[in-house]
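As structure tokens, the structure follows; a few thoughts come after it.
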Amino acid sequence: MEQLVTTPDTPAPARSRTPHQLLPSVEQPASGAPRRNRRMRRTLAVTALFAAGALTLSACGGDASAGGNDDGKNGQAGADAAAAKNASDVKIKVSSEDGSTNASINDTGVKVTGGKLTEVKLTDADSGKDVAGAISADGTSWKPGVQLERGTKYRIVAKAKDAKGRAATENATFTTVSSANSFIGSYTPDNGKTVGVGMPVSFNFDKVITNKKDVQSHITVTSSSGQQVVGHWFGAQRLDFRPQDYWKAGSKVTMKIDLDGVKGGQGITGVQSKTVTFTIGRSQVSTVDMNTQTMTVKRDGKTFKSIPISGGSPQNPTYNGQMVISEKFEQTRMDGSTVGFKKKDGKGEYDIPDVPHAMRLSASGTFIHGNYWGPTSIFGNSGTSHGCVGLRDQKGGGGDTPGKWFFNESLIGDVVIVKNSDDQTIKPDNGLNGWNLSWSEWQAGSAA
């Protein structure tokens, strides 16, 4: 049989095919079109299959917007979205930031929105000791039951749930401000006390304050009487507050201390946040006249009692001026060596271990007190003390004596005025005795 060679220019003779021999995916050439050989047809068929496979793969993978070529990122995004959908709605806020080293000792606490607290645990990070605290009645906040210690590392874990019961937890570790980097003011009077009309508010700071204006402006003192109250600095560590005249009897005085976070000077920050309220009692002002050696006690402006006294001797006169009772002792020791009255051997010129009914009038050692060792004849007649004001009394403080009576009738904050003494007027910062400054002088010492 003669072999035929087919080329594009020499087509092979047409052959008869049964229908099942036709490739359905390959379009039949039009009549008269050149025919390709079997190898080429196979190539076309394989190409068509690969194309169909590609279409099939594309269909399984979805379109490009569904992550057709995202290196798996779309799958993670989907997981994140699902997790976010199931996350708790509750948001927990710890007041002290995690890792902070200058945290407040007053304002540490937890607040939540979108849910309620279920448990809060605060511990000393070094000792592991728990710090007691309480969740509020509505479950939205927590506070420790005590003030935190300065310079201490704490760890807090707060747990809460939203309305659907989905839980959330917040952790924080922080260190409170150190003693070296903070300042505190000790103050008088204390909360809830009833005091006399002369009682100033007095702060003594444990660090030198150079930023006096900011510190003073963060301490406010107000009175229910409506009296204007002004602060006055004695040096760099003491700040007192008083009105122009004595407090009104029966008034309520409120002192708001808002020093937490306030800069007191280079490298020192305040840590106090507190409100203190005290009451002014009845008015009692007693005047000691050294010319007559008599004390007149006035209660609410009216003479209440006249008492014979024995003041300072001519060699050691009593200070003149307005003095405020700052401490009361039913019995105390008085040693002259502690206030400069020494003999050549270094011992005190006096040392009485059981002075009865003693009330302090100055920081330097002036008292009004009972005297049981002097003869009765000195009272109302002559000054015999080293500067104190003495009232007749008994050893041990018993009996019905002027010393005991005055002690029982006096409040811390009552005023004792001394006049007609040969000594100078007491310095306003020697005790709680700022009343010896005029109002203009007092105002001049304000930094606010």
Side-chain angles (χ1 to χ4, degrees), residues 188-202 221-230 240-255 276-309 311 318-328 330 357-362 366-370 379-380 389-393 400-420 425-426 428 431-439 442:
T188 190
D190 206 352
N191 187 57
K193 298 294 185 181
T194 297
V195 296
V197 296
M199 188 69 187
V201 170
S202 184
V221 183
T222 57
S223 173
S224 63
S225 66
Q227 292 172 275
Q228 180 189 11
V229 184
V230 174
D240 285 13
F241 292 83
R242 50 156 272 210
Q244 181 173 359
D245 300 312
Y246 300 144
W247 301 102
K248 299 297 183 183
S251 58
K252 302 285 186 181
V253 180
T254 300
M255 170 175 55
V276 174
T277 302
F278 58 93
T279 302
I280 306 302
R282 78 290 174 273
S283 173
Q284 180 167 296
V285 178
S286 304
T287 301
V288 175
D289 187 342
M290 287 300 173
N291 283 340
T292 62
Q293 295 289 303
T294 301
M295 178 172 68
T296 302
V297 181
K298 285 192 174 182
R299 177 77 60 83
D300 295 323
K302 297 180 180 180
T303 299
F304 191 42
K305 193 166 188 174
S306 182
I307 303 173
I309 62 95
T318 306
Y319 286 123
N320 285 295
Q322 303 173 73
M323 291 174 263
V324 173
I325 296 173
S326 59
E327 290 182 292
K328 293 179 67 178
E330 289 197 6
H357 302 129
M359 292 178 281
R360 182 183 292 276
L361 298 178
S362 78
T366 306
F367 281 78
I368 183 166
H369 61 77
F379 300 104
V389 177
L391 290 77
R392 183 175 60 80
D393 214 327
D400 183 13
T401 64
K404 184 177 181 179
W405 180 89
F406 188 68
F407 183 89
N408 290 338
E409 293 292 333
S410 296
L411 294 173
I412 288 177
D414 280 349
V415 180
V416 176
I417 301 172
V418 177
K419 65 179 185 180
N420 296 322
T425 299
I426 193 168
L432 303 178
N433 299 323
W435 299 105
N436 294 288
L437 290 175
S438 68
W439 185 234
W442 185 266

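Since this is a predicted model, take the numbers as computed values, not measurements. Atom set for the values below is all heavy atoms of this structure, side chains included, hydrogens, waters and symmetry mates excluded.
Taking every heavy atom of both residues into account, Ser410 and Lys328 meet most closely at O-NZ, 2.8 Å. Between Arg392 and Thr401, the shortest heavy-atom distance links the atoms O-CB, 3.5 Å. Here the closest non-hydrogen pair linking Asp190 and Val276 is C-CG1, 3.9 Å. Contact record, Thr294 with Ser306: CG2-OG, 3.2 Å, taken as the closest heavy-atom pair. Contact detail for Ala249 and Asp300: the closest heavy-atom pair is CB-OD1, 4.4 Å. Taking all atoms of both residues into account, the shortest heavy-atom contact from Gly281 to Leu411 is CA-CD1, 4.5 Å.
Note on ring orientation: taking the six-membered ring where Trp is involved, the planes of Trp247 and Phe278 are perpendicular (angle over 60°, cut-offs 30° and 60°).
Paired with Val389 under the rule side chain to side chain contact (heavy atoms under 4.5 Å, CB included), one option of Thr366, Ile307, Ile368 passes, and it is Ile368. A salt bridge (charged side-chain N to carboxylate O under 4.0 Å, His left out) with Asp414 holds for exactly one of Arg282, Lys298, Arg299; it is Arg282.
Considering only heavy atoms from C-beta on, Val288 stays 4.5 Å or farther from Thr318 through its side chain. Between Ile280 and Val195, some side-chain heavy-atom pair lies under the 4.5 Å cut-off. The shortest side-chain heavy-atom distance between Arg242 and Val221 does not fall under the 4.5 Å cut-off. Contact annotation: the side chain of Asn191 approaches that of Thr277 to within less than 4.5 Å [non-hydrogen atoms, C-beta and beyond]. The closest side-chain heavy-atom distance from Met290 to Val418 is below 4.5 Å. Here the side chains of Asp289 and Asn420 are in contact, with some heavy-atom distance below 4.5 Å. The shortest distance between side-chain heavy atoms of Ile412 and Pro189 does not fall below 4.5 Å. Asp240 places a side-chain heavy atom less than 4.5 Å from the side chain of Trp442.
For the pair Gln322 (side chain) and Asn433 (backbone), a donor-acceptor distance under 3.5 Å is absent. Checking side-chain atoms of Asn436 against main-chain N and O of Asn320 turns up no donor-acceptor pair under 3.5 Å. In this structure, Gln227 contributes its side chain and Tyr246 its backbone to a donor-acceptor pair below 3.5 Å.
Rounding to the nearest 0.5 Å places NZ of Lys404 at 9.0 Å from CD of Glu330. Separating the OG1 atom in Thr194 from the NZ atom in Lys252 is a distance of 6.5 Å, to the nearest 0.5 Å. Distance check: Ile309 CD1 to Phe406 CZ gives 11.0 Å after rounding to the nearest 0.5 Å. Here Trp435 contributes atom CH2 and Gln244 contributes atom CD; the two are 9.5 Å apart, rounded to the nearest 0.5 Å. Rounding to the nearest 0.5 angstrom, the gap separating the CE atom in Met295 from the OG1 atom in Thr287 is 9.5 Å. Interatomic distance, CE of Met359 versus OG of Ser326, reported as 11.0 Å (0.5 Å rounding).
Other residues, nucleotides and ligands place no more than 12 heavy atoms under 6.0 Å from the CG atom of Asp400.
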Worked verdict on Leu391 versus Trp405 for side-chain contact (heavy atoms from CB on, under 4.5 Å): CA-CA 10 Å; Leu391 290 77; Trp405 180 89; over 6 Å; no

Stepwise side-chain contact (heavy atoms from CB on, under 4.5 Å) check, Glu409 with Phe304: CA-CA 11 Å; Glu409 293 292 333; Phe304 191 42; 4.0 Å; yes

